[in-house]
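Contents: one structure, followed by commentary.
Numbering starts at 1 and runs along the sequence shown.
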Amino acid sequence: MADEQATPKHKVESILSADVGSLWTRVALVDVVSGEYRFVARAVAPTSAELPFGDITVGLYNAMAELERLSGRQIVEEGHLIIPQLPNGNGVDAFIAASSAAPAMRLVLLALNRDITARSALHAAESTYTNVLDLLTVDEHLAEGEKPLPEGEWLSRQVQRLVALQPDVALIVGGVDGGPVVPLLKLADVVAQTARQRVVQEQSINATPTKLPVIFAGNQSARGRVAEKLDEATDLRLTENVRPRLDRERLASAQEQLDNLYLQKQLTAVPGYRRLASWTENIIPTSLAEGIVTRYIAAQYNRDVLIADVGAASVGGFLTNEAPSGASPAAGERGFYRVVKGDFGMAYGLPNLLRQVGAAAVLRWLPFTMAESELVEWALNRLLRPLSLAAEERDLQIEHAFAREALRYIAARMREQANPGARPAYDLLIGSGGLLANAPNPQMAALLLLDGLEPEGLPTGSVELALDSTMLLPHIGTMAAANPAAAAYVFDRDSLLWLGTAIVPLAAVANPLPNQPAVTVTVEYADGGDPLKVAVAYGELRVISLRPDQRANLIVQPGRDFRVGGGERGKLVRTMGEEVKGGYVGLIIDARGRPLRLPSAEAARIATLRRWQEAIGAAAIAEEQAGALPSLSSQPDLPPIATRMALSPLPESEAEAAPEPYADDEIPMAEAEASDMAISPASDDEYLPPWLMADAPDEVAPSPAPAPPQEEANATMPPWLLADQPADQPADQPTDQPTTRPGAMTIPPWLLGADEDEPSNVR
């Protein structure tokens, strides 16, 4: 807990935010400029949790030293943060932090059977930084065709199994409320005996005995009797049933307990955490901060938004939309879903990712030939050298191939939660995380998002793409709890790099013919430029020039076997009421179909991938151009994201008078024919662990209601974000926001020999 000086009561204007990840530590400085909170500068340094440093504050001090150089402001004096800000401008008024530096929690699931309840438990477990080790069920012998074991022998085997796994936490689920209780008591017996054996093992090596954390999220009728068995032996946490009814999934209570355990058990064990915690009142998991930002965007701008984060140790997806389903709130209410794979990142998580999806899934994204053994060696080398950067095109392509498969896993999991049987709807897609933020150019980042997540542009007919190029979203989420006004201002003005808008024509028939006309788009530029009409064939990708400072109206005519958004087959649609905003990539016409398909022949597959890269401008660039993403200060003064595009059908009178599609257009033919090899998973089971794929019944869900029409976004701040704000004056243009490459790691002299129990480093 911070001391009295660490919790200033004065007016907060300047804020220093830290995001301590497993690989990188990032700091950002926010201050009031011309009456508005604005992003001033950021810096990054390697995280120092591991030896030889063994203290996360070493990396934090290095990042702050670089921030001092960039901003010209002294922040640290003799090892202490200068709080509050001094009259001479040095120091800051507040310090806040988020972290994902701790390893993922090793978790075991215990369920009555491998049914939809077990899947709900998996959804809850994959909401924060966890590594699901195994699923233990009462009836697993039936799935494996074995005879039931005697009660005592079954119990002994399961206890030995859990003891060998050495989990950090156990999650018990099973049954709807009011269902059978006795089978859950058998699972409780297994956990209780495992916890007792764990204590005996710790005592045998003179270690301090610890209780095994256990979350019970099953049949509420069993709570009392389960508590009797587990209260003494474990750290028991009782929560709401994850599946109280067959058609209802309730994850929030179990997710909250998992977040608390990650914070209390994992983060507090990171070397240097106690010193960091003494500087601020509250440190939250980075995934929680990203969830806060997602919900803010949805509430503030009435958007269906998906944030995809590709990090070094984890990959996450955060979705807020109004699409109803059996797992969603009632129709018309906005739901929030999150999937976090704490062991799937682009450095430490590559072997786990490779084991889950298989080498063939990664290799299909490479525009060259590579052996499986070489891919495995590449992944292991990256694990040994996590700070290494892709120095050649080949390495970059491999890295991005892994990222595509990680995103596809997240998309499949998100589909299970938000919209079983179909891809979830969203009209704003934001890429975050080090791999996307450090893409050599915006086109590469855009193609990676389109390939990995395959957005369908539902329900509006388009999806807007943006990039968190300065890695500010976690900082904004952390800031929202301490200073909502600052978070709102910084998000609106300084956080996102706009890539462009994607139009995604969808097939309205089962097997559309390759190379047939998919869509014709007419662009009417708002600045008076000559209209442009472009036809795109099925299987192709096309980019139309639309700069960040340009606006345009669109008329979109799908082919006779295609539709746009929720529209009808072949129905002409157009922008209504709002012009499309440009971006650094432009207007993207993604007519490749859903799911994406690649030719099965090696040469044709490679040619197709290269053609897509060249079409969007994502072909490899020269080494001297690497890192050339535009800075936020180079963006025009874009309006808030409420300028989204919404496609609407033309009135019947206009639609009847519309010309036949492609009557006067020459359709470009694809070089390679599409094959029957689907890239996208054909079912929700593609990425399910093997122990969840045994005869799982379909989930019971009501038929989805039609998506409500999109209304103009409300530009006012929601009540929960209202706070004392600086004077509402016109802001100057954003100040320069330099970015830095991480420098050499150093230890400040005054930190050497510092005591871990030091109460505070805040002056």
Side-chain angles (χ1 to χ4, degrees), residues 2 5-19 26-43 63-64 66-77 81-98 279-282 289 292-293 296-297 300 468 470-496 631-635 637-640 715-739 762-763:
Q5 289 177 312
T7 56
K9 306 301 182 183
H10 56 278
K11 183 178 180 180
V12 174
E13 292 191 347
S14 57
I15 303 171
L16 175 65
S17 175
D19 179 21
R26 298 178 173 88
V27 292
L29 179 62
V30 170
D31 207 341
V32 174
V33 178
S34 299
E36 291 186 344
Y37 288 103
R38 300 303 296 263
F39 164 51
V40 176
R42 71 180 180 107
M64 290 191 294
E66 179 65 13
L67 189 66
E68 288 180 328
R69 185 186 71 80
L70 292 170
S71 65
R73 175 187 305 195
Q74 184 180 2
I75 297 173
V76 178
E77 183 178 22
L81 288 175
I82 302 174
I83 294 180
Q85 187 172 358
L86 303 177
N88 64 5
N90 290 333
V92 293
D93 292 322
F95 173 73
I96 56 178
W279 302 357
T280 182
E281 288 186 349
N282 189 27
I292 292 172
V293 170
Y296 162 73
I297 299 170
Q300 174 72 353
D468 178 24
T470 51
M471 303 286 289
L472 276 179
L473 291 186
H475 298 286
I476 294 171
T478 312
M479 205 179 304
N483 193 322
Y489 272 99
V490 173
F491 175 81
D492 285 348
R493 301 291 191 270
D494 302 322
S495 63
L496 298 180
S631 67
L632 289 174
S633 58
S634 67
Q635 288 197 114
D637 187 17
L638 295 178
T716 60
M717 282 198 295
W720 50 271
L721 272 178
L722 292 177
D724 292 336
Q725 305 173 25
D728 190 10
Q729 302 173 7
D732 292 341
Q733 289 296 321
T735 56
D736 265 353
Q737 301 149 7
T739 60
V762 180
R763 201 188 71 167

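Val30 approaches Val490 most closely through the heavy-atom pair CG1-CG2, 3.7 Å. Contact between Phe95 and Leu81 at its shortest, heavy atoms only, is CG-CD1, 3.9 Å. Between Ala289 and Pro474, the shortest heavy-atom contact is CB-O, 3.5 Å. Looking at every heavy atom in both residues, Ala486 comes nearest to Ile15 through CB-CD1, 3.9 Å. Minimum heavy-atom separation, Val32 to Glu13: CG2-CB, 3.8 Å. Residue Ala480 comes nearest to Pro484 through the heavy atom pair O-CG, 3.3 Å, listed as atom of the first residue, atom of the second, then distance.
Judged as a side chain to side chain donor-acceptor pair (under 3.5 Å), and not counting sequence neighbours, the contacts of Ser14 are Gln85, Asp93. By the side-chain contact (heavy atoms from CB on, under 4.5 Å) test, Ser17 is found to be paired with Ile96, His475, residues two or more places apart in sequence or in another chain being considered.
In this structure, Leu16 and Leu67 have side chains that are in contact, with non-hydrogen atoms separated by less than 4.5 Å. Using a 4.5 Å heavy-atom threshold, the side chains of Arg73 and Val92 count as touching.
Note that CD1 of Ile476 is 12.0 Å distant from CG of Asp19, once rounded to the nearest 0.5 Å. Here CG of Leu70 is found 10.5 Å from CG of Leu29. Values are rounded to the nearest 0.5 Å. Atoms OG1 and CG, on Thr478 and Asn483 in that order, are 12.5 Å from each other to the nearest 0.5 Å. Interatomic distance, Arg42 CZ to Ser71 OG, rounded to the nearest 0.5 Å: 14.0 Å. Summarising the geometry, atom CZ belonging to Phe491 is positioned 4.5 Å from atom CG belonging to Leu496; distances are rounded to the nearest 0.5 Å. Rounding to the nearest 0.5 angstrom, the gap separating the CG atom in Leu472 from the CZ atom in Phe39 is 5.0 Å.
A donor-acceptor pair under 3.5 Å links the side-chain atoms of Glu68 to the main chain of Val76, judged by distance alone.
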